[in-house]
Colleague: 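There's a structure below that I have some questions on.
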Amino acid sequence: MTYAGKLQKVVTMYLAKCTDSPAFKGGKPSREYWQVRGYFFKQDPDIVNITYDYLSFIQGKMMSKPWEIIDKAKAYQTELRWKEAKEEIQQTQIQRADDYSFDSLMNL
């Protein structure tokens, strides 16, 4: 997905999940759409990607301001990275333990 498409998706998902304002009125983008789009457009593209992942993850409505959503998205991203790092450490510990099993020691 292109950056412009992802930006549009973030704005529409934000308006649907975090506000009571509609994204479109009479087939045209609403005033709120342009305000939110302007805010997200000023953000770093990585922030837009992180926010896209977070908005895709959450279920239901959660009333928040755009900057609060960005903070929550960063926290969610950090949590995912910690989980991945923890799983990777556990996998390496398990692999090391399997290298020297009790059966291989008994066969010496």
Side-chain angles (χ1 to χ4, degrees):
M1 178 181 298
T2 64
Y3 175 72
K6 192 167 277 192
L7 180 65
Q8 180 181 356
K9 197 74 171 157
V10 165
V11 172
T12 54
M13 283 194 299
Y14 170 78
L15 288 172
K17 294 183 178 187
C18 302
T19 66
D20 290 329
S21 303
F24 297 95
K25 289 182 182 175
K28 295 181 180 180
S30 64
R31 181 174 178 249
E32 292 82 9
Y33 174 88
W34 291 113
Q35 289 174 339
V36 173
R37 185 185 181 281
Y39 180 79
F40 281 113
F41 186 72
K42 291 178 184 176
Q43 303 301 316
D44 188 61
D46 291 334
I47 298 297
V48 173
N49 288 333
I50 292 169
T51 306
Y52 175 80
D53 293 339
Y54 178 70
L55 288 172
S56 298
F57 169 74
I58 63 172
Q59 301 295 322
K61 275 209 179 273
M62 181 176 56
M63 298 299 191
S64 297
K65 302 289 183 193
W67 53 88
E68 293 171 348
I69 289 296
I70 290 174
D71 290 341
K72 291 176 184 178
K74 287 179 182 178
Y76 173 72
Q77 183 74 15
T78 303
E79 183 180 327
L80 285 180
R81 288 185 181 170
W82 275 104
K83 285 181 182 177
E84 289 173 0
K86 187 176 179 181
E87 288 174 3
E88 185 176 315
I89 289 171
Q90 288 176 349
Q91 288 177 353
T92 57
Q93 289 175 347
I94 290 170
Q95 289 173 353
R96 289 182 189 159
D98 289 343
D99 290 342
Y100 300 103
S101 68
F102 183 73
D103 293 331
S104 65
L105 289 174
M106 293 305 291
N107 291 332
L108 291 176

Colleague: Could you tell me whether Lys9 atom NZ has more than 12 heavy atoms of other residues or ligands within 6.0 Å of it?
Modeller: no
Colleague: Shared ILVMFWY cluster between Tyr54 and Tyr52, side chains joined below 4.5 angstrom?
Modeller: yes
Colleague: Kindly give the heavy-atom pair with the smallest separation between Ser56 and Met13, and that separation in Å.
Modeller: OG-CE, 3.8 Å
Colleague: Do Met62 and Ile69 make a side-chain contact, defined as non-hydrogen atoms from C-beta onward lying under 4.5 Å apart?
Modeller: yes
Colleague: Measure the NZ-OG1 distance between Lys6 and Thr51 for me, rounded to the nearest 0.5 Å.
Modeller: 10.5 Å
Colleague: Please tabulate, for the side chains in residues 19-26, all donor-acceptor contacts under 3.5 angstrom to protein atoms that are two or more places apart in sequence or on a different chain.
Modeller:
from: Thr19; atom 1: OG1; to: Leu15; atom 2: O; distance (Å): 2.8
from: Thr19; atom 1: OG1; to: Ser21; atom 2: N; distance (Å): 3.4

Colleague: Please set out all donor-acceptor pairs under 3.5 angstrom arising from side-chain atoms of residues 72-80, sequence neighbours excluded.
Modeller:
from: Lys72; atom 1: NZ; to: Ser64; atom 2: OG; distance (Å): 3.1
from: Thr78; atom 1: OG1; to: Lys74; atom 2: O; distance (Å): 2.9
from: Glu79; atom 1: OE2; to: Lys83; atom 2: NZ; distance (Å): 3.4

Colleague: Enumerate donor-acceptor pairs with a distance under 3.5 Å from any side-chain N or O in residues 31-48 to protein atoms, sequence neighbours excluded.
Modeller:
from: Glu32; atom 1: OE1; to: Ser30; atom 2: OG; distance (Å): 3.4
from: Gln43; atom 1: NE2; to: Tyr39; atom 2: O; distance (Å): 3.4
from: Asp44; atom 1: OD2; to: Asp46; atom 2: N; distance (Å): 3.3

Colleague: Going hydrophobic residue to hydrophobic residue with side-chain gaps under 4.5 angstrom, can you get from Ile70 over to Val11?
Modeller: yes
Colleague: May I ask whether Trp67 and Leu7 are part of the same hydrophobic cluster, defined by side-chain heavy atoms of I, L, V, M, F, W, Y residues being less than 4.5 angstrom apart, directly or through others?
Modeller: yes
Colleague: Any side-chain heavy atom of Leu55 within less than 4.5 Å of one from Cys18?
Modeller: yes
